Amino acid sequence: MGDVEVLDEIVIEGLGLSALIGVYAHEREATQPLLLDLALAFDPRPAARSDALVDTVDYAEVVAALRAFVAGRDDQLLEKLAEELSAMLLARFGARRVRLHLRKPRAAAALGCAAVGVRVERQQL
C-alpha cells in the first residue's frame, strides 16, 4: 500500500467576533457581531505520537489570533475579511487547508432569515 495523506481537522464553531464591517452607512457607525466556524486541516500524527500540545494546533492561540486580526480590520465586504483571515491562518498555523464560514447575524435578522455570510475554502499547494 502506498503513502496515504492524512489530514484531520481542528474545528472552532460559533466563535463570536466583533468587527467594523459593512458597506452601508449604519454598518460603519460601530462594530457589529460576526459568527465564525472554522476547520483547519493538518497532519495529526506528530501530536498523536507525542501527546504534546506543541505538536498540534492550540485552539486558544487560534481564537486569540482571530480576535486580534478582526479587531484591527475595517473592511466593507465579508469576502475580503474571509480571504484575509484564510491567508493569515494558512501562514501562521501551517494548516494544509482552511474552511471558514463567516456570518453577519444582525444583517440576517434585518432580512428576516436565519443566516447570511460567506463560506471559503483555501488549500496549500
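In this text, all values refer to a predicted model and were calculated from it rather than measured experimentally. All values below come from the heavy atoms of this structure, side chains included, with hydrogens, waters and symmetry mates left out.
Contact record, A47 with T56: CB-CB, 3.7 Å, taken as the closest heavy-atom pair. Heavy atoms only, all atoms of each residue included: V70 and A19 are closest at CG1-CB, 3.5 Å. Taking each heavy atom of S50 and D55 in turn, the nearest pair found is OG-OD2, 2.5 Å. The two residues P33 and P105 come nearest to each other via the heavy atoms O-CD, 3.3 Å. Minimum interatomic distance between L35 and G16 (heavy atoms only, all atoms of both residues): CD2-CA, 4.1 Å. Contact between Y59 and I10 at its shortest, heavy atoms only, is CE2-CG2, 3.2 Å.
With rounding to the nearest 0.5 angstrom, the CZ atom of F69 is 10.5 Å from the CZ atom of R92. Note that CZ of R103 and CG of L36 are 8.0 Å apart. Values are rounded to the nearest 0.5 Å.
Proximity of a side-chain donor or acceptor of Q32 to a complementary backbone N or O of I21 within less than 3.5 Å is detected. Using modelled atom types, one side-chain atom of D43 and one backbone atom of R45 make a donor-acceptor pair closer than 3.5 Å. E61 places no side-chain N or O within 3.5 Å of a backbone atom of D58 that could act as its donor or acceptor partner.
Residues V62 and F93 are in side-chain contact: their nearest non-hydrogen atoms beyond the backbone lie under 4.5 Å apart. With a 4.5 Å cut-off on side-chain heavy atoms, Q76 and R28 count as touching. At a threshold of 4.5 Å between non-hydrogen side-chain atoms, the residues L89 and L100 count as touching. For the pair L34/K104, a side-chain contact is recorded, criterion being any heavy-atom separation below 4.5 Å from C-beta on. Put simply, the side chain of L38 does not reach to within 4.5 Å of the side chain of V11, judged on heavy atoms.
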Which atom pairs, donor and acceptor, lie under 3.5 Å between side-chain atoms of residues 117-125 and protein residues at least two apart or in another chain?
from : atom 1 : to  : atom 2 : distance (Å)
R122 : NE     : E83 : OE1    : 3.1
R122 : NH2    : E83 : OE1    : 2.6
Q124 : NE2    : L90 : O      : 3.4

Exercise. Can K80 and R73 be said to form a side chain to side chain contact (heavy atoms under 4.5 Å, CB included), step by step?
Worked result: CA-CA 10 Å; K80 170 73 171 179; R73 308 281 307 179; 3.8 Å; yes

Problem set entry | Pair R99-D37, salt bridge (charged side-chain N to carboxylate O under 4.0 Å, His left out): steps then yes or no | CA-CA 8 Å; R99 289 188 300 131; D37 296 332; over 6 Å; no

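The hydrophobic clustering, which links ILVMFWY residues whose side-chain heavy atoms are closer than 4.5 Å, places L78 and V116 apart.
Remark: E9 engages R97 in a salt bridge, criterion side-chain N to carboxylate O under 4.0 Å.
For CG of D51, the number of neighbouring non-hydrogen atoms (other residues, nucleotides, ligands) closer than 6.0 Å is 12 at most.
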